[in-house]
Amino acid sequence: MLTSNKRDWMVKQRKKLDLTQDDVAKEVGVNRAHISNIEKGNRNPTVGLAMSLSEVLQVNWQRFFEQEPGKKTTEFNTKAIQC
């Protein structure tokens, strides 16, 4: 679950860019309620959705998975595994 800090930074960034929840939702292909639930901490985005949201909100996608803003808890490898 997202912490209140995550909700705060996400809402602040969205408003800084003068975007509504509906604007963001349309850009990433989900409904407004889904964005609302992510902002409230009721849902976590998938990695793919986090990447899409990061483009719209102009932030690093890994920020959605940090426990504290600016502090990484997990490193992600974004390269596909070759078999």
Side-chain angles (χ1 to χ4, degrees):
M1 185 172 291
L2 299 175
T3 65
S4 62
N5 287 336
K6 287 191 178 293
R7 179 179 59 238
D8 291 345
W9 74 257
M10 187 175 171
V11 172
K12 285 178 185 177
Q13 183 65 12
R14 177 175 56 76
K15 289 181 178 183
K16 177 182 172 183
L17 297 172
D18 198 29
L19 297 171
T20 65
Q21 288 179 340
D22 197 48
D23 294 333
V24 174
K26 287 177 183 175
E27 285 291 321
V28 301
V30 298
N31 62 39
R32 187 209 52 80
H34 195 98
I35 299 301
S36 176
N37 280 320
I38 291 171
E39 288 183 351
K40 290 177 183 177
N42 295 333
R43 295 192 68 154
N44 291 314
T46 63
V47 170
L49 180 55
M51 288 179 166
S52 295
L53 287 168
S54 71
E55 289 180 24
V56 173
L57 297 175
Q58 302 173 8
V59 297
N60 185 306
W61 69 272
Q62 291 180 348
R63 189 164 187 188
F64 289 93
F65 303 101
E66 296 173 353
Q67 292 297 323
E68 298 174 31
K71 183 177 180 182
K72 292 183 181 179
T73 57
T74 306
E75 291 293 326
F76 292 92
N77 183 351
T78 58
K79 294 182 180 179
I81 298 172
Q82 299 280 332
C83 295

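Along the sequence shown, residues are numbered consecutively beginning with 1. Computed from a prediction, not measured in an experiment: that's the story for all the values here.
Partner Phe64 forms a side chain to side chain contact (heavy atoms under 4.5 Å, CB included) with one of Leu49, Asn44, Leu57 and no other, that one being Leu57.
Rounding to the nearest 0.5 Å places CG of Asp22 at 11.5 Å from OG of Ser36. For the atom pair NZ of Lys16 and CH2 of Trp9, the computed distance is 12.0 Å after rounding to the nearest 0.5 Å. In this structure, CD in Gln21 is found 5.5 Å from CZ in Arg32, a value given to the nearest 0.5 Å.
For Lys12 and Asp8, the salt-bridge test fails: no basic side-chain N is under 4.0 Å from an acidic carboxylate O.
Contact of the Leu53 side chain with the Val59 side chain is not registered, since no non-hydrogen atoms from C-beta on lie closer than 4.5 Å.
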Given side-chain contact (heavy atoms from CB on, under 4.5 Å), test Val24 with Leu17 step by step and report yes or no.
CA-CA 10 Å; Val24 174; Leu17 297 172; over 6 Å; no

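Ser54 approaches Asn60 most closely through the heavy-atom pair CB-C, 4.0 Å. Taking all atoms of both residues into account, the shortest heavy-atom contact from Trp61 to Val47 is CZ3-CG1, 3.6 Å. In terms of heavy atoms, Ala50 sits closest to Pro45 at N-CB, 4.0 Å.
Distance alone, capped at 3.5 Å, places no donor-acceptor pair between the Glu27 side chain and the Val56 backbone.
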